[in-house]
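Taking it in order: structure first as structure tokens, then the write-up.
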Amino acid sequence: MKIDILTLFPEMFDGFKSESIIKRAIDLGKVTINTCNFRDFSEDKHKKVDDTPYGGGAGMVLKCQPIFDALKSVKKENSKVILLSPQGVPYNQKMAYELSKEEHLILVCGHYEGFDERIKSVCDEEISIGDYVLTGGELPAMVITDSVVRLIPGVIDEESHLNDSFNNNLLDYPTYTKPRDYNGMKVPEVLLSGDHEKIKKWREEKQLEITKEKRPDLIKPRFVLKKEGLKKSGRRIKIDDVKDIKVTIIKDNKNLSYKVTKEEKLVAITIFNPKELKGYKLKGKSKDGGITKILIVKKAFAFKVALKNIRKKIDVLANRLNTALFEIDEDKTRKVLAEAEMLKQMIINTYQDYIGKERLDGIIKNINQLVSEFVRSKTLHSN
Ligand code: 4GO
């Protein structure tokens, strides 16, 4: 990855680049971090980069020309240009993950009172690292660079960021190191037990407990079901593939939560009203193997919807059979019979879980009757 930083104060990045993990990432060739002083691009004879604001007011405003030209000199086809500003999208771990996949980032650091609004037209994104004002975009640029570089494969042990706070929307669990007893403060017994199952469970519970306590906003319910339909509430749980997803109920003294795991790994924890919990079912839709929405659907509701969908599909089939009755083309007859066969298979695959075996058998029998009636009439007609 390459990161270019447009700044009036390139020296601010010297320490940042020459220590610890960032230094190692540079030495390993995982990232190249260059600073570009856009003052060098100023066409002004005094190398001025700012001017007074139109309409009056205090302070100086960064001019378009030096930044536009500096950008032109570093920008390539695959570059993502990011402007650091308090008005930007609030930065988070998910954005860090997305940015870590980019080939080339250009971070534009403003200074003084701000920049000419037209500078935004040459930036792809505007990001803020938090709700406060700084004297320049340099610290935000370092924050973003740091959070992104550590996620580049091979920079740090992948395991160490799998459990980071904010992954799965949960804060990290507590960790301890030697000694077991420090001035009377003891390491929790479970961590010394060597029982990995128990440790995993303890850590998940701690994650939930700490997040509920410190950042309840991270575990707001994603979906709440009303009597006759789904009411969206907050975020959706996103999971790559619905396969291998398990939902278990966690109880603590106050709340009931759903713990959603995929291949044994914790994906999300959702809190639901315990009264609404009964009979709910996890349902997912996979979109070309990508992100999946998980809805919590009440069984009775899923049953109703499934029956309605099946009825619609049988109606369509019945219509097609009726039309095909008066067709002479044998190919068309074969086709509609194949469709009937496919519909049966589809219903079995898709709806069995929702409507139960008994209801399903009845529906398949119905379709078989439709088909045999069609075949009988067809034989009569051709005779
Ligand atoms: C970014 C830039 C705060 C942020 C900034 C932030 N302050 N919250 N100041 O990410 C233009 C002049 C913006 C100084 C800059």
Side-chain angles (χ1 to χ4, degrees), residues 1 3-17 21-22 31 33-44 46-75 79-102 104-151 164-166 214-215 217-218:
M1 173 185 282
I3 304 179
D4 280 303
I5 301 161
L6 270 54
T7 170
L8 292 173
F9 303 97
E11 289 84 10
M12 283 180 78
F13 293 86
D14 292 347
F16 174 69
K17 290 195 329 187
I21 292 166
I22 301 301
V31 66
I33 304 174
N34 290 325
T35 47
C36 165
N37 190 338
F38 55 86
R39 191 180 294 281
D40 299 340
F41 289 80
S42 172
E43 281 171 358
D44 181 88
H46 306 294
K47 294 280 170 205
K48 235 174 84 153
V49 288
D50 55 356
D51 218 325
T52 51
Y54 279 120
M60 297 297 267
V61 176
L62 288 172
K63 291 151 68 75
C64 286
Q65 181 273 319
I67 291 182
F68 270 64
D69 289 347
L71 254 181
K72 226 178 269 165
S73 83
V74 293
K75 200 173 165 169
S79 310
K80 173 155 253 171
V81 185
I82 298 164
L83 184 67
L84 292 321
S85 120
Q87 297 178 18
V89 181
Y91 192 58
N92 63 29
Q93 187 64 19
K94 188 164 174 269
M95 290 156 83
Y97 269 106
E98 294 305 316
L99 293 181
S100 73
K101 296 176 200 154
E102 295 287 336
H104 185 205
L105 298 179
I106 302 174
L107 306 176
V108 182
C109 309
H111 228 89
Y112 312 119
E113 295 307 305
F115 27 73
D116 189 305
E117 187 67 19
R118 290 165 290 190
I119 289 169
K120 290 182 187 170
S121 70
V122 282
C123 297
D124 302 308
E125 277 182 48
E126 194 180 352
I127 294 178
S128 162
I129 61 158
D131 291 339
Y132 37 79
V133 179
L134 301 164
T135 59
E138 284 74 14
L139 286 170
M142 285 185 224
V143 167
I144 289 174
T145 304
D146 189 286
S147 61
V148 167
V149 169
R150 70 187 283 282
L151 297 177
D164 281 347
S165 284
F166 305 114
K214 299 185 180 171
R215 293 292 305 277
D217 57 302
L218 293 175

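In each ligand, atom 1 is the first atom listed, and ligand 1 is the first ligand listed. In this text, all values refer to a predicted model and were calculated from it rather than measured experimentally.
Using 4.0 Å as the threshold, T135 has a heavy atom nearer than that to some atom of ligand 1.
Here the heavy atom of the protein found nearest to atom 7 (N) of ligand 1 is L134 N, 3.0 Å. For atom 12 (C) of ligand 1, the closest non-hydrogen atom on the protein side is Y112 O, 3.4 Å. Protein heavy atom nearest atom 3 (C) of ligand 1, with residue, atom name and distance: Y132 O, 3.3 Å. Considering only non-hydrogen protein atoms, atom 8 (N) of ligand 1 sits nearest to G130 O, 2.9 Å. When hydrogens are left out, the protein atom nearest atom 10 (O) of ligand 1 is I129 N, 2.8 Å; that is the closest non-hydrogen contact.
The shortest non-hydrogen separation linking S79 to H104 is OG-ND1, 2.7 Å. Of all heavy-atom pairs spanning T135 and H111, the tightest one is O-CD2, 3.3 Å.
Residue contacts with ligand 1 for P140 involve side-chain atoms from C-beta outward but no N, CA, C or O (heavy atoms, distance under 4.0 Å). Counting heavy atoms under 4.0 Å from ligand 1, residue D131 does not touch it at all.
At distances below 3.5 Å, not a single donor-acceptor pair connects side-chain atoms of R150 with backbone N or O atoms of I21. Q87 contributes no side-chain N or O that, together with a main-chain N or O of S128, makes up a donor-acceptor pair within less than 3.5 Å. One N or O on the side chain of S42 and one on the backbone of K48 form a donor-acceptor pair closer than 3.5 Å. A side-chain donor-acceptor contact under 3.5 Å links N92 to the backbone of M95. Between the side chain of K17 and the backbone N or O of I33 there is at least one donor-acceptor pair closer than 3.5 Å.
Between L84 and ligand 1, not a single N/O pair is under 3.5 Å apart.
The heavy atom nearest to atom 4 (C) of ligand 1, out of those in G137, A141, P86, S128, is found in P86. When G114, P90, S85, G59 are ranked by how near their heavy atoms come to atom 1 (C) of ligand 1, first place goes to S85.
Side-chain atoms of S85 and F115, non-hydrogen and from C-beta on, do get closer than 4.5 Å to each other.
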